[in-house]
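Presented below is the structure to which this report refers.
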Amino acid sequence: MTNSVPDLLPDLAPDSEAVACRDLRKSFGSVRAVESLSFALRRGELLALLGPSGCGKTTALRLIAGLERPDGGTIHLGGRLVSGPGVFVPPNRRRVGLVFQDYALFPHMTVERNIAYGLAGRDDRRQRVAEMLALVGLDGLGGRYPHALSGGQQQRVALARALAPQPDIVLLDEPFSNLDVALRRQVREEVQRILYEAGVSAILVTHDQEEAMSLADRIGLMFDGALHQLGTPRNLYERPASRRAALFMGAANLVPGHAHGAVARTALGEVRLIEPCQGAVEVVLRPENLVLNGAGDGAAAVVARQTYTGARQDVWVALRDVPLSLHVTCRAGAPWGVGQPVSVRADGSALAFPASPDST
């Protein structure tokens, strides 16, 4: 079995690195917030640090920004050492733009003055503010105050302020959490466009899997202060490095089975495996990897509950012959009702991990 964690620090040329963290460590008393964190961010790339609350992702962001001093390790920004043995460059000299969860706009300043805050002494200050207003789509709103703007507009002002001094990297800490669901998707698409048009490297901290997958070029999945897996959104979703990663990266059914090389025998029949395994395993089957039929083609089951979300229908079925409940995603018009007998089968190949002690 070869479900190994991929190389977390690719061998990039120094001039292609926007950020390089090596063996970064930070503790608060007895709590190890960040433990041996190593990764490199390419220039022009958007990386999401994703993980549950308390995993160390915000602490990592603060270490990169210079808002916290690490206990060990090194940080290079644009090839320049900003934190390491005997070196600690303060935040205002790191060429880093920050966008906070609550935006941190100055309420007594207009939009223009907020954006111009980091441009003191620059001759092109007025021109730069106008460029930023155009980039974030707020032309004509420079004279307004933050309280007169919508949440999405305030978010764009915060981003414009971070970009105005032309930083080497922008750090975003849960920037969409204060927006309602309907607005969140629209604003994050706008932010993605703005960052790419500005050509700036960025690190986004979030606990929202959909947010990370829709925005980032790569995702760094963090657990317990350490980087567990680093890869593209597709890689983390389809090829999680562990059982824990599989469960965190979206809905997943863990189906017990017994593997013999490229095939695992399960209650759903034989499932082809992406990577060969041997012995007792748990097969990872996403809801979209399962197919429901009226009867006959697959394992016998009964619909336990279902929810309709407009674009799709989520159905939970209980197998008749084994105590196992499965989550299945179907098209919205599928006529599955509670109590209805159905059959369920796996579609395509799947990953498998050694069975955990509490699953046997």
Side-chain angles (χ1 to χ4, degrees), residues 1-12 21 36-42 45-52 55-57 60 192 203-266 268-291 312 314 326-329 345-356 359:
M1 179 164 198
T2 60
N3 290 326
S4 58
V5 178
D7 181 14
L8 300 180
L9 191 62
D11 185 18
L12 300 181
C21 298
S36 299
L37 179 65
S38 297
F39 71 89
L41 173 71
R42 302 177 178 95
E45 183 181 33
L46 199 164
L47 172 73
L49 291 180
L50 173 69
C55 73
K57 55 189 185 294
Q192 185 184 52
I203 297 178
L204 164 74
V205 159
T206 181
H207 63 272
D208 186 318
Q209 296 92 332
E210 181 183 348
E211 188 170 288
M213 292 177 72
S214 64
L215 277 173
D217 299 305
R218 288 189 300 157
I219 297 173
L221 180 60
M222 292 186 67
F223 293 131
D224 306 320
L227 196 57
H228 184 76
Q229 185 175 0
L230 180 63
T232 64
R234 181 181 295 274
N235 175 254
L236 265 70
Y237 187 78
E238 297 182 357
R239 303 293 293 270
S242 68
R243 179 181 185 272
R244 187 179 185 185
L247 291 173
F248 189 83
M249 287 306 300
N253 300 287
L254 297 179
V255 179
H258 200 87
H260 302 273
V263 173
R265 295 193 180 94
T266 74
L268 302 178
E270 290 192 345
V271 178
R272 298 192 307 276
L273 299 179
I274 295 173
E275 296 182 358
C277 306
Q278 295 291 338
V281 295
E282 289 176 304
V283 180
V284 179
L285 292 168
R286 301 289 186 189
E288 63 270 21
N289 298 139
L290 296 175
V291 178
R312 68 171 192 261
D314 288 305
L326 300 173
H327 176 192
V328 186
T329 298
R345 61 178 175 83
D347 183 34
S349 302
L351 279 178
F353 297 99
S356 60
S359 67

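Minimum heavy-atom separation, Arg286 to Gly250: NH1-O, 3.1 Å. Considering all non-hydrogen atoms of both residues, Ala350 and Val271 come closest at CB-CG1, 4.1 Å. Contact between Ala246 and Ala252 at its shortest, heavy atoms only, is O-CB, 4.0 Å. When all heavy atoms of Gln278 and Gly261 are compared, the closest pair comes out as NE2-N, 3.1 Å. Across all their heavy atoms, Leu351 and Arg239 have their closest contact at CD1-CA, 3.6 Å. The minimum heavy-atom distance linking Glu45 with Arg42 is given by the pair OE1-N, 2.9 Å.
Side-chain N or O atoms of Gln192 include none that pairs as donor or acceptor with a backbone N or O of Ala216 at under 3.5 Å. Judged by distance alone, with hydrogens and angles left aside, the side-chain atoms of Arg243 form no donor-acceptor pair with the main-chain N or O of Pro354 at under 3.5 Å. Glu282 contributes no side-chain N or O that, together with a main-chain N or O of Val255, makes up a donor-acceptor pair within less than 3.5 Å. Distance alone, capped at 3.5 Å, places no donor-acceptor pair between the Arg218 side chain and the Pro233 backbone.
By the side-chain hydrogen bond (donor to acceptor under 3.5 Å, both in side chains) test, Ser349 is found to be paired with no residue, residues two or more places apart in sequence or in another chain being considered. Residues meeting the side-chain hydrogen bond (donor to acceptor under 3.5 Å, both in side chains) test with Arg312, sequence neighbours left out: Asp314. Every residue two or more places apart in sequence or in another chain that forms a side-chain hydrogen bond (donor to acceptor under 3.5 Å, both in side chains) with Glu211 is listed here: Thr206. Partners of Phe248 according to the side-chain contact (heavy atoms from CB on, under 4.5 Å) rule, which considers only residues two or more places apart in sequence or in another chain, are Leu50, Pro52, Gln209, Leu221, Phe223. Applying the salt bridge (charged side-chain N to carboxylate O under 4.0 Å, His left out) test to Asp347 and every residue at least two apart in sequence or in another chain returns nothing.
Between Leu285 and the options Leu326, Thr266, Leu254, Leu268, a side chain to side chain contact (heavy atoms under 4.5 Å, CB included) holds for only Leu268.
Side-chain contact between Leu204 and Leu215: present, with at least one pair of heavy atoms (C-beta onward) separated by less than 4.5 Å. Side chains of His207 and Lys57 form a contact here, defined as non-hydrogen atoms less than 4.5 Å apart.
In this structure, Phe353 CZ and Arg244 CZ are separated by 13.5 Å, a value rounded to the nearest 0.5 Å. Note that CZ of Phe39 and CG of Leu227 are 7.5 Å apart. Values are rounded to the nearest 0.5 Å. Atom CG of Leu230 and atom OG of Ser38 lie 11.0 Å apart (nearest 0.5 Å). We find the CE-CD distance between Met249 and Gln229 to be 8.0 Å, quoted to the nearest 0.5 Å. Atom-to-atom distance recorded for Asn289:CG and Thr329:OG1 is 9.5 Å, nearest 0.5 angstrom. To the nearest 0.5 Å, atom CD1 of residue Ile219 and atom OG1 of residue Thr232 are 8.0 Å apart.
Here side chain to side chain donor-acceptor pair (under 3.5 Å) pairs that include residues 245-263, with residues two or more places apart or in two chains, are His260-Arg265.
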